[in-house]
Amino acid sequence: MNDNRTIRVSVGTAAALGLVNVRCDILPSTAYLMTCGGCVSRCAFCAQARSSNSSEALLSRVSWPEFPIEQVLDALARGNSILQRVCVQVTSTSTARKTTKELVSDMIKIRQACGFAHQISLSYHPSSVSDVESLFALGVDRIGIALDAATQRIHERTKAGSGSWAGTLRLIEESSARFPGRISTHLIVGLGETEEELVNIIQHMKDLGITIGLFAFTPVKGTPMERVPQPQPDTYRRVQIARHLITGGYVTAQDFSFANGRILDVGLAPETLRKLISDGAPFETSGCPDCNRPYYNERPGGVTFNYPRSLTEAEIQNCILEAKLEGLETEDTPRGSKGR
Ligand code: SF4
């Protein structure tokens with residue numbers, strides 16, 4: 001390969017690949033790449049949106065320096081025991097589809113030539129199911145179609161210029177029926193929705209066999225939502241627990257009770273609930289296998305919304321207490337075995 005194409009690489013990924021000399025206390029287990037050129041949509045929370053004044057080198061809290069594609073592919077081809085997956089975040093531009101196809105084709109060639117074992121995810125807004133089909137035909141393993149907003153109302157308020165919520169939902173439904181078990185979605189907690197709305201959409205995604213990645217809304221300077229606070233930790237913990245219980249098949253949305261949209265009860269006895277969450281898994285980063293997104297939503301010293309690794313016993317206890325669910329307020333019940 002010999003060309004001038006470039007791609008953005010999350011700074012943690014660049015460190016893991018040896019492209020930059022930056023010390024990271026936790027490295028990503030997925031290589032996060034992003035197509036260049038910003039995005040034609042106007043999502044009010046996103047630094048890549050054309051309505052944003054933030055640096056194009058930002059997505060959420062993470063900076064994404066730009067490198068020649070050839071250099072990144074060479075680094076991936078050398079192999080890396082930390083990185084298990086490659087995820088390409090495709091921003092919506094007129095050239096994104098072409099760039100993505102070329103990039104994926106190159107990665108597949110490298111994978112075949114050097115036994116490069118990484119799975120490939122695309123975080124992409126396809127135009128149709130046949131678009132999804134053509135990307136899977138190239139050799140992509142999973143496609144993430146972000147819903148972001150839990151409802152039509154939240155979508156209209158925060159995702160101008162990115163089609164309709166119902167249209168994205170329909171694409172997700174049709175794609176998951178055509179490619180069962182290979183579609184992921186992202187939901188952002190803290191855009192103004194209720195916990196009940198999140199529980200309902202999580203259940204719908206579970207029924208479709210879709211993998212759900214939860215994100216905590218993160219204000220980025222220069223975006224229309226720069227002054228909106230992050231979700232409260234108790235809300236985020238309850239939604240993480242709800243996701244874990246619903247996707248694990250332990251309960252359904254019907255089992256929950258709510259007060260003014262807040263989760264009051266998950267429909268399990270406290271001791272059963274504690275047992276199901278005591279390994280800390282609900283509080284780890286969720287999404288495609290091996291996707292840990294370190295510091296995507298977190299600032300140093302602040303709340304760790306998504307843990308990019310197994311939690312310690314103390315962290316598990318803290319998360320359980322933060323959830324403020326009835327019957328979980330004390331620390332003196334037995335804990336699971338995970339953690340250090
Ligand atoms: S869950 Fe992670 S690997 Fe999967 S599409 Fe989202 S960011 Fe990429």
Side-chain angles (χ1 to χ4, degrees), residues 7-14 16-17 26-35 39 43 45-48 58-64 72 76 80 82-92 96 100 103-104 107 111 116-126 131-132 135-136 138-149 162 168 171-172 175-176 179-189 201-202 205-206 208-218 239-240 243-244 247 281-298 305-309:
I7 190 134
R8 293 193 181 277
V9 178
S10 83
V11 71
T13 302
L17 288 174
I26 182 122
L27 287 169
S29 42
T30 287
Y32 299 100
L33 315 181
M34 179 166 66
T35 56
C39 183
C43 298
F45 48 81
C46 185
Q48 289 297 308
L58 278 181
L59 182 64
S60 198
R61 280 204 67 251
V62 174
S63 73
W64 300 67
V72 176
L76 282 169
N80 184 309
I82 302 164
L83 299 168
Q84 307 296 320
R85 173 174 298 276
V86 179
C87 175
V88 187
Q89 318 266 325
V90 183
T91 52
S92 296
T100 305
L103 179 67
V104 169
M107 280 197 281
R111 185 156 78 173
F116 159 81
H118 312 48
Q119 294 268 304
I120 300 171
S121 288
L122 283 188
S123 178
Y124 181 61
H125 193 87
D131 195 9
V132 172
L135 290 164
F136 277 131
L138 283 178
V140 168
D141 298 288
R142 301 187 63 90
I143 296 185
I145 308 173
L147 198 52
D148 294 330
S162 60
T168 305
L171 252 178
I172 292 175
S175 302
S176 64
F179 298 99
R182 296 177 71 188
I183 304 294
S184 303
T185 196
H186 298 162
L187 289 171
I188 303 178
V189 178
I201 194 70
I202 288 170
M205 295 295 112
K206 152 76 179 166
L208 294 170
I210 288 168
T211 304
I212 304 158
L214 283 185
F215 286 71
F217 163 70
T218 300
V239 176
Q240 284 178 308
R243 179 202 164 278
H244 182 74
T247 58
F283 314 113
E284 292 178 25
T285 304
S286 50
C288 302
D290 304 307
C291 173
N292 69 343
R293 304 190 297 271
Y295 298 112
Y296 210 84
N297 296 146
E298 290 77 19
F305 290 98
N306 296 315
Y307 281 82
R309 52 162 175 79

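Read the numbers this way: they start at 1 and go in the same order the structure lists the ligands and their atoms. Worth knowing before you read on, the calculation uses all heavy atoms, side chains too, and leaves out hydrogens, waters and symmetry mates.
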- Message: No waters, cut-off 2.8 Å: how many protein N, O or S atoms are close to atom 8 (Fe) of ligand 1?
- Response: 1
- Between the OG1 atom in Thr185 and the CD1 atom in Ile202, the distance rounded to the nearest 0.5 Å is 11.0 Å
- Task: Go through the structure and list residues passing salt bridge (charged side-chain N to carboxylate O under 4.0 Å, His left out) with Asp148, not counting sequence neighbours.
- Result: Lys159
- Are any of the side-chain heavy atoms of Val140 and Tyr124 separated by less than 4.5 Å? no
- Distance (rounded to the nearest 0.5 Å) between Leu171 CG and Ser176 OG: 10.5 Å
- Determine whether the aromatic ring centres of Phe217 and Phe45 lie less than 6.0 Å apart. no
- Just need the protein heavy atom nearest to atom 6 (Fe) of ligand 1, so name the residue and atom and give the distance. His186 NE2, 2.2 Å
- Task: Please answer whether the main-chain N or O of Ser29 pairs with a side-chain N or O of Asn292 as donor and acceptor at a distance below 3.5 Å.
- Result: yes
